[in-house]
There are 4 protein chains.
Amino acid sequence: MSSSSLGRCFVVTNFGESHGPAIGCVIDGCPPGMQLTQEMIQRELDRRKPGTSRHVTQRQESDTVEILSGVYEGVTTGTPIALLIRNTDQRSKDYGAIAHQFRPAHADWGYWSKFGHRDPRGGGRSSARLTAPTVAAGAVAKTWLKENLGVTIRSRLTHLGETEVGFESWDCVNENAFFAAVSDTSALEAQMDAVRKKGDSIGARLVVEAHGVPAGLGNPVYHRLDAQIAYALMGLNAVKGVEIGEGFAASTLTGTQNADAMTTAGFASNHAGGILGGISTSAPIVARVAIKPTPSVRLPLDSLDEVGNAVTVSTSGRHDPCVGLRAAPILEALVALVLMDAALMQRAQCGHFGMIFDAEADEN
Amino acid sequence: MSSSSLGRCFVVTNFGESHGPAIGCVIDGCPPGMQLTQEMIQRELDRRKPGTSRHVTQRQESDTVEILSGVYEGVTTGTPIALLIRNTDQRSKDYGAIAHQFRPAHADWGYWSKFGHRDPRGGGRSSARLTAPTVAAGAVAKTWLKENLGVTIRSRLTHLGETEVGFESWDCVNENAFFAAVSDTSALEAQMDAVRKKGDSIGARLVVEAHGVPAGLGNPVYHRLDAQIAYALMGLNAVKGVEIGEGFAASTLTGTQNADAMTTAGFASNHAGGILGGISTSAPIVARVAIKPTPSVRLPLDSLDEVGNAVTVSTSGRHDPCVGLRAAPILEALVALVLMDAALMQRAQCGHFGMIFDAEADEN
Amino acid sequence: MSSSSLGRCFVVTNFGESHGPAIGCVIDGCPPGMQLTQEMIQRELDRRKPGTSRHVTQRQESDTVEILSGVYEGVTTGTPIALLIRNTDQRSKDYGAIAHQFRPAHADWGYWSKFGHRDPRGGGRSSARLTAPTVAAGAVAKTWLKENLGVTIRSRLTHLGETEVGFESWDCVNENAFFAAVSDTSALEAQMDAVRKKGDSIGARLVVEAHGVPAGLGNPVYHRLDAQIAYALMGLNAVKGVEIGEGFAASTLTGTQNADAMTTAGFASNHAGGILGGISTSAPIVARVAIKPTPSVRLPLDSLDEVGNAVTVSTSGRHDPCVGLRAAPILEALVALVLMDAALMQRAQCGHFGMIFDAEADEN
Amino acid sequence: MSSSSLGRCFVVTNFGESHGPAIGCVIDGCPPGMQLTQEMIQRELDRRKPGTSRHVTQRQESDTVEILSGVYEGVTTGTPIALLIRNTDQRSKDYGAIAHQFRPAHADWGYWSKFGHRDPRGGGRSSARLTAPTVAAGAVAKTWLKENLGVTIRSRLTHLGETEVGFESWDCVNENAFFAAVSDTSALEAQMDAVRKKGDSIGARLVVEAHGVPAGLGNPVYHRLDAQIAYALMGLNAVKGVEIGEGFAASTLTGTQNADAMTTAGFASNHAGGILGGISTSAPIVARVAIKPTPSVRLPLDSLDEVGNAVTVSTSGRHDPCVGLRAAPILEALVALVLMDAALMQRAQCGHFGMIFDAEADEN
């Protein structure tokens, strides 16, 4: 199985480099007969694309997607859906020194150790730009999940560095550059301006939720639903931690505190984050991630070059000072891809998508 | 690919139920020519087995492993290694009411939703007993990693509920029932006695580390090494959170704080936990997990039965009041399985196992 | 994915050696809720087992299967089904010379080249004995296919060496030691007696058919249904050729001759063997295989030993002088495994098992 | 794993439709550091492309390939290699009636049964045009196999319909439109002219060989090397039969006749076709395929439309009257893909590519 693929029945294979001719993906196993247009995918890509505020990379990419296959007269045929996004704002500059130095906290050294060489242009394949095809594929999965299971997926920023972001309403999330559920983001903007001015970067935390997922998705041992979600989310650039439900806090609870009582009105709580024994419960699936600060900073850092000499590295390219700011649509896409795959695998084995447990516990 | 399998080149397929005739696994892809005896596997199984202290389940199982195939005259042949562990202390009691009720926070409801019925005997396949085959397979991987790459893997308890466990020495870890790196565990014993007496349960946290892993294991997108570790660890019963390196704390750092400077003496720090860009760096791999409290508690909990009636569930069987206490050998096994698979995949593509970066940063 | 596994949604993982402690398999992905008993599996194993006539190996094995997991109260739970068959008639004799010589036309040399050593006892893993777990797993698939889709699968001997075996009735097939569709097998018996007396061996051909398969199973490119069948059948010991429908004869036909007209009464012919464009048509699936003569013969053959010396090899153990004689149940099992996997994958993607096209063309 | 993918360590994922915007593939797992240019791939594509003689389809396609990723400065980086071929000679004509009729012996009916609808433009994904990406990927594999193992792969037409094509020299094969190993193809041209004039089509047979393959590639059970080759070749459009070595003729031999004696000068014969026990022997790998006549013929055939009415179908588009004529480069590509994947998997498990057995038996 390809190391650049996600999923088993609904399989997304990702390709491309940051400054190569194009990036994209091939989606295999999509159910036939579903309406799918370029616009439906573009909408999600536009939520992720760079250059939309001063707080993110200023690279200018329209991220226009082309559907190369698998769709006929606006409907999926059941054959592979290939999606292509041309890179248009590559820089032809000489990467000179940096091409032979290892930026601390960056993928440079690992790639070089593994492959013996690397594409230095904008980080090559380690660029967060490679999340665009994930978002494009996620748009397909989101559409199917919504239409067939009524599943909705949403994500928001919960922390910017040490700052906890408040919660007013999910309606705010798509109204600002932070995917924050607050109406006034001036404090966040000031915080980001300070980071950027200093030439440093900052981490973040987000939550992603899926509502309406039927009970029954996942498996008992190894290929558990929580394992699949952890794999997908930890597979995203810069993610260093993943929690399901209570997450690390669950370790401080007693069994009676952590139990989500089942009542005729539904689950009384959702410490589990919608997954027990590796299988969805139909309570909202809740996952949280920690995103490290962008490794590319303007401030100088000690490092080595490829021949082992000590060097000082300062990265002056176009970078997001906080990659977490644009992560929400990507997390949604990853969860959508996992859930769709799990739903199709569940249908394969059991002939149905599982059960809905009536009431939905308040997940907040 | 089997949903009960872990790995792609070194593939472990797990089977069995807690109170069925046997549990076990099949290991495919093991390199030929490696010495392997029943004793080498038994040693690891004995570290995990139940009944070794009053703080864990009192079920009496010797967990004796039988090698059914893949080994000839004490040496691996390269063909599948099947390992069998007979269950010997099954209970023949009537599971009566509990067989038709859903224990809160337990896998019961998910299994029932998915499969339409379930094996109620001791939790069936959702039992932590199914980690024994993982430990057995992990023993094979550990042996290979040690002999071929010099990799060593170790794990310890860092928190029991809200109590932070101190660190004296790794030498202490295998000397007590808690896998704690302290010489005096009387406080932990008292804490566990109180929990058990109350009929409740408690969560825990552990760290698992791998030393000597060459730089170069893993992949850029999706099948990243951190993703693989997160998948394996979150795939373990009761785990609700996984961190690599700084984990959630990384979100509160700046880019300059989080960067691990590369020096001619090695990495100056290890915030990354040994993985950057999805690929190992040869710094120690450090992962942390949160384990929720055991869902099976003697105290009564509100729930439903299979026909939707409200019931009160109290679980009186033999259960670990803290499953985290026995998790260390399992975490080690899971990390070993991931690393061995990644090493073989690396050898497939690149013809070598990656590079060792001289000095090892102090990971504490 | 394990190299000893077959299937993607319904996955069979095979283990064992001819003279090791046991052989068996793990079946993952079986739908829950299906009745399954040891007897249902044993029935198929008994059709394949050795020692049932003087024309096959005289090794005495009852091939008694034990269900280790995945079945509770006679019903599949949806979790992995592990099946175990103990070897009981291993020979403890000294394999002496043969352990270090390569039998011509046998797997010895390949194994040695690949693994650097080999288990010489009865051919180790290259023994046709390893088809027993395949037959056991096939019994599960056959049962499911029959109950859920009405699919029936049958196989018979069409050629013994150069002798074409006549066709009287499928009812005869299970009444003789040859799986021949004739009532009088005396000529076949005489032919086999002559071969055995001479110390030589002989090849055979068989056909395997599946009736009632709905149209729609398979895929357009690469993972085509005919490709999957060819993979499974060519993966059987001693098979050197696989045909679908007209097979090699199709190359001598014109397009008009080879076309199976569709009529309101069904297909007018079945040159296609039930598969077009990689997808089933609901006409009977017809595959033919050629099985080479057993490589182990009593007559002397020129070969080499492990250090490159010329030697003369004569194999005196217990061997089938025609492995094709016992192949029919194995071919049925392999086709059943492929069809069940394809059916579950079809259900995953499309939500149904495909369509039945009314009339069934006469496939003879 | 994607149903449109081939391979496990070296994985090719195919996409596209005959008359969609583009076709192509993504290659994952390619070793880094190998020289790879557009020209190297184009050379193989040009051998397969349409319109090169009057005996093949007159569709005008340059089949120009673009490398979208995975190559930097003419060298593979180890990341996915995406290859894109734009369709340029699509027909915009109204497919009218044929869009709702099933052409006998064609994929139409199967696709419709499976997916509920289909892309009727030029056969959509069932077109042999989808073999172009396979040839492109095969060029990469061929290059690697040649450079790293000295493996060479070649294929030729052995039969055109009932006509056996002679053998003069492999040098002739690339000099004519038939991939025939003869210098005078006038008889073949006359035969094709007659078929085309009549509005009918015709089948063919080819052989494909790989020389220099080390002993040791493949596996004992299920994922055998012959099984992998059978899967790949039977997965090619119109192939109805696959043989390894003696193939069907092996069934008429005795064990002594079929045995390839091993001598200090190498194998004395190659009945086995280079594979024993599922593993390569280092003798030439020899596989033969039967290709059915093209189903699209101008002559009228009886069939049904989508609502079940009897219709007469006559196909007037641009079609190859013998798809076998262009199959040689595709068979070479498929065998190259299988061998490269098997070589990488062998390196993963065993750390080497197997052994070369000195002398090469004459395979003719």
Side-chain angles (χ1 to χ4, degrees), chain B residues 1-33 66-73 75-87 99 111-112 114-121 124-126 130 133, chain C residues 1-33 66-73 75-87 99 111-112 114-121 124-126 130 133:
Chain B
M1 186 177 168
S2 161
S3 290
S4 304
S5 292
L6 192 67
R8 297 183 177 188
C9 279
F10 184 85
V11 188
V12 179
T13 302
N14 181 300
F15 66 85
E17 274 87 26
S18 180
H19 289 238
I23 59 178
C25 65
V26 180
I27 305 168
D28 189 79
C30 186
E66 182 185 9
I67 300 175
L68 297 179
S69 64
V71 176
Y72 176 60
E73 298 184 339
V75 175
T76 60
T77 59
T79 58
I81 301 169
L83 302 177
L84 185 72
I85 300 168
R86 291 276 173 187
N87 292 322
Y111 275 53
W112 191 76
K114 182 180 190 68
F115 296 126
H117 66 155
R118 61 194 163 94
D119 175 351
R121 301 167 301 168
R125 187 150 174 78
S126 71
L130 271 305
Chain C
M1 186 176 168
S2 161
S3 289
S4 304
S5 292
L6 192 66
R8 297 183 178 190
C9 278
F10 184 85
V11 188
V12 178
T13 302
N14 181 300
F15 67 84
E17 274 87 26
S18 180
H19 289 237
I23 59 178
C25 65
V26 180
I27 305 168
D28 190 78
C30 186
E66 182 185 8
I67 301 175
L68 297 178
S69 64
V71 176
Y72 176 59
E73 298 184 339
V75 175
T76 59
T77 58
T79 58
I81 301 169
L83 301 177
L84 185 73
I85 299 168
R86 291 276 173 186
N87 291 323
Y111 275 54
W112 191 76
K114 181 179 190 69
F115 297 125
H117 66 156
R118 60 193 165 95
D119 175 351
R121 301 167 301 168
R125 188 151 175 78
S126 71
L130 271 306

Handout entry: Side chain, backbone, both or neither of C/S5 within contact of chain B (heavy atoms, under 4.5 Å)
Key = neither
Problem - Portion of C/E66 that has a non-hydrogen atom of chain B nearer than 4.5 angstrom - result: side chain
Fill in the blank from the handout: Honestly, the part of C/R118 sitting under 4.5 Å from a heavy atom of chain B is backbone
Completion exercise
Distance col, row C/T79:OG1 vs B/F115:CZ, nearest 0.5 angstrom, shows 6.5 Å
Handout entry: Portion of C/N87 that has a non-hydrogen atom of chain B nearer than 4.5 angstrom
Key = neither
Handout entry: Closest-packed option against chain C by number of heavy-atom pairs under 4.5 Å, given B/T13, B/D28, B/I81
Key = B/D28
Completion exercise
Correct closest heavy-atom pair for B/G70 and C/E17 would be N-OE1, 3.0 Å
Completion exercise
Between C/S4 and B/P80, the two heavy atoms sitting closest are OG-CG, 3.1 Å
Exercise for the section: Heavy-atom pairs under 4.5 Å with chain B are the metric here; pick the option from C/G20, C/S2, C/P21 that has the most. Expected result: C/S2
Practice task
Name the member of C/R8, C/K114, C/E73, C/R125 that forms the most heavy-atom pairs with chain B at distances under 4.5 Å.
Solution key: C/R125
Completion exercise
The interface call for C/L84 against chain B, heavy-atom contacts under 4.5 Å, is side chain
Handout entry: Close side-chain approach of C/V75 and B/H117, heavy atoms under 4.5 Å
Key = yes
Handout entry: Any B/R121 side-chain heavy atom under 4.5 Å of C/Y72 side chain
Key = yes
Exercise for the section: Flag the one option from B/I67, B/V26, B/V12 with the top tally of heavy-atom pairs under 4.5 Å to chain C. Expected result: B/V26
